[in-house]
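Just the heavy atoms: all of them, side chains too, but no hydrogens, waters or symmetry mates, feed the values below. By convention in this document, chain letters (A, B, ...) are assigned in the order of the sequence lines, proteins followed by strands, and residues within each chain are numbered from 1.
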Amino acid sequence: MPFHQDLLEKRQQLLDLGVNPYPYSFAISHTLTELRDRSQELMEKEVSVAGRITALRRQGQKVFFADIEDFDNRMQVYLKQQDFSEQIWQTILLLDIGDWVGIKGPLFATKTGELTIWTKEFSLLAKSVIRVPISKEKGDKKYYQLSDSETLYRQRYLHWITDKKAREVMLVRAKILSSIRRFMEGRGFLEVTTPTLELSYGGASARPFETTVHALSQEKAYMRISPELSLKRFIVGGFPKVYTICQNFRNEGIDRSHNPEFTMMEWYEAFTDYNYQMDQFEQLVSMLAKEITGSYKVVYQDTEIDFTPPWKRMTILDAIKEIGKVDVNALSDEELKKKVHEIDPKYQIIEPFSRGHIVDFLFSNLCEEHMIQPTFILDHPLAISPLTKKKRGNPDLVERFEPFVMRMEIGNAYSELTDPVEQYERLRQQREFDADNLKKEGTVHHPVDLDFVRAIGMGMPPTGGVGLGIDRLVMLLTNQHSIRDVIAFPLLRREE
RNA sequence: GGGGGCAUAGCUCAGUGGUAGAGCAGCAGCCUUUUAAGCUGUUGGUCGAAGGUCCGAAUCCUUCUGCCCUCACCA
């Protein structure tokens with residue numbers, strides 16, 4: 001057991017005293033923030049609050065001051081021996097930092113002017129049997145703040161206990177989700193649920209997590225890598241505006257902007273194209289920035305990001321030309337190959353040669369690191385976008401955009417491909433391309449989802465579809481360095 | 001997968017070859033309005049794990065584990 005011996009003994013002493021250290025309920029009259037907000041009218045009135053002990057200041061064996069903390073505030077409480085029975089006083093003497101307590105009594109101000117509750121009735125609400133390393137504070141300075149990142153990620157509850165800012169991140173995350181839902185509902189979108197567990201996967205290029213379904217004769221199944229194909233079925237089925245906020249699972253690398261499981265929002269809106277959705281995307285995200293931080297201008301890790309619409313828009317080819325100084329259209333296949341090898345001698349050219357994949361490579365290597373301010377990168381090569389309509393006026397490109405902020409791709413959107421015959425052909429081509437590359441380590445194999453093709457075959461209206469990476473957005477709006485800081489329980493390697 | 005860094009008491013950290021330390025927390029006291037409370041005393045360690053070098057290893061070497069950074073991979 002991971003428990004601390006001295007605290008286990010205290011728990012036993014409490015039991016011996018006839019005190020239940022883990023009672024069933026406690027009625028509070030106010031939260032600590034409410035107490036502070038209404039301290040004038042509540043002065044001298046009896047209140048009832050609950051919180052976790054974060055500091056104990058004992059004056060001999062007769063008087064205590066303690067700090068308690070609830071979700072978003074702290075309060076000093078005063079405990080005096082004369083006010084309690086022997087049993088309760090013994091309980092109080094056994095208190096430790098980390099314990100939960102219920103306090104009833106009048107509000108008053110100490111002679112130093114601090115708002116305090118004079119405890120008349122005391123209840124132990126939970127005895128901790130593991131020492132909780134709560135920091136000490138003086139003003140803004142913190143002392144002995146738990147800082148081992150591994151402990152903070154593995155034991156997030158401890159992170160939340162010991163760092164108010166970590167709780168704040170979760171609060172803001174929830175506010176962002178709530179604002180998004182209000183926005184979407186205000187525009188007539190329907191929130192729908194799509195399967196997490198599927199027999200086929202699609203809508204993105206990623207290796208899936210695999211499992212088996214016992215009840216279906218050990219059928220192989222996959223965790224969703226994207227809700228895209230499910231949501232389009234809703235469009236086909238007659239729902240013109242749908243969205244979902246869900247976990248996606250991609251069995252790939254882990255770094256500060258990638259967790260194997262992450263939260264994605266996707267929406268699909270019939271009768272619109274990617275131009276319409278670009279406007280809507282920047283409206284949604286700029287609204288969130290304003291609502292969450294109070295301004296369109298957000299400071300992230302010493303950089304000011306300006307979300308004020310309209311955002312910069314540039315085609316992927318222009319970005320490569322202007323930022324990367326490579327004019328793809330002016331180069332032959334051979335010249336392109338040469339260029340790629342100048343950048344990365346180890347890059348494996350895959351056959352059949354695909355200029356589209358090279359464009360993607362060039363953008364990643366030459367441009368991505370310069371995408372600081374919100375920028376829409378648009379009109380990607382057809383070869384890397386099998387679910388997207390061709391660009392009007394240029395059949396080598398598609399109508400697609402990816403918004404970038406602080407070097408991170410925070411979304412992906414298309415004028416959705418709705419021609420079922422072309423869709424089938426494009427998925428098939430993608431699969432052939434895979435087949436040519438199966439020897440390459442880590443290659444993704446894209447199944448052709450025939451039911452999805454069948455659905456589109458029954459008629460899908462013109463549709464604009466958009467994905468938005470929630471975790472990365474939360475990172476930007478809460479100024480967190482790693483995706484692990486905004487995911488409550490990030491995946492870590494098994495502990496011992 | 002490559003490179004770099006880190007791992008010492010519950011927490012924050014010293015300790016670079018010679019008896020494992022400090023502050024806080026804990027424990028025993030003093031102190032009836034304190035607030036990083038204060039004062040006195042004191043318990044507490046498989047120095048991440050295993051192996052090696054050495055008379056002697058927290059310290060040097062090797063391997064392993066975990067975390068962080070970085071590069072690569074991730075259409």
Residues in side-chain contact (heavy atoms from CB on, under 4.5 Å) contact with [X], at least two apart in sequence or another chain:
X	value
A:Arg154	A:Glu150, A:Leu492, A:Glu495
A:Ala488	A:Trp160, A:Met170
A:Val169	A:Thr478, A:Gln480, A:Val486

Give me the distances for all protein-to-nucleotides 39-43 of chain B N/O pairs that come in under 3.5 Å?
none

Residue pairs passing the salt bridge (Lys or Arg N to Asp or Glu O under 4.0 Å) test where at least one lies in residues 353-365 of chain A, sequence neighbours excluded: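 Every salt bridge (Lys or Arg N to Asp or Glu O under 4.0 Å) pair that includes a residue of residues 353-365 of chain A, provided the two are not neighbours, is A:Asp333-A:Arg355.
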Write out all pairs satisfying salt bridge (Lys or Arg N to Asp or Glu O under 4.0 Å) with one or both partners inside residues 49-66 of chain A, taking only residues at least two apart or from two chains.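 Pairs touching residues 49-66 of chain A that pass the test: A:Arg57-A:Asp67.
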Exercise answer: donor-acceptor pairs, residues 133-141 of chain A side-chain atoms, under 3.5 Å, sequence neighbours excluded:
residue: A:Ser135; atom: OG; partner: A:Gln145; partner atom: OE1; Å: 3.2

Separation between the [atom1] atoms of [N] and [M], rounded to whole Å:
N	M	atom1	value
B:rC31	B:rU40	P	16 Å
B:rG18	B:rG23	C1'	26 Å
B:rG17	B:rC11	C1'	30 Å
B:rA9	B:rG1	C1'	37 Å

Enumerate the residue pairs fulfilling side chain to side chain donor-acceptor pair (under 3.5 Å) with a member in residues 97-118 of chain A, sequence neighbours excluded, ordered by first and then second residue.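 Matches after skipping sequence neighbours: A:Arg74-A:Glu114, A:Gln76-A:Thr116, A:Asp83-A:Trp118, A:Asp99-A:Lys127, A:Asp99-A:Ser128, A:Thr110-A:Thr112.
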Just grab all the side chain to side chain donor-acceptor pair (under 3.5 Å) pairs involving residues 40-49 of chain A, residues at least two apart or on different chains.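 Residue pairs with at least one partner in residues 40-49 of chain A: A:Arg38-A:Glu41.
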By ring-ring contact (aromatic ring centres under 6.0 Å, His included), which residues pair with A:Tyr268, not counting sequence neighbours?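 Listed in chain order: nothing, the list is empty.
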Reading nucleotides 1-6 of chain B 5' to 3', which nucleotides get B (base under 4.0 Å from a protein heavy atom), which S (sugar-phosphate only), which -? ------
Using a cut-off of 4.0 Å between protein heavy atoms and nucleotide atoms, how would you tag nucleotides 23-31 of chain B 5' to 3' with B, S and -? BSSSS---B
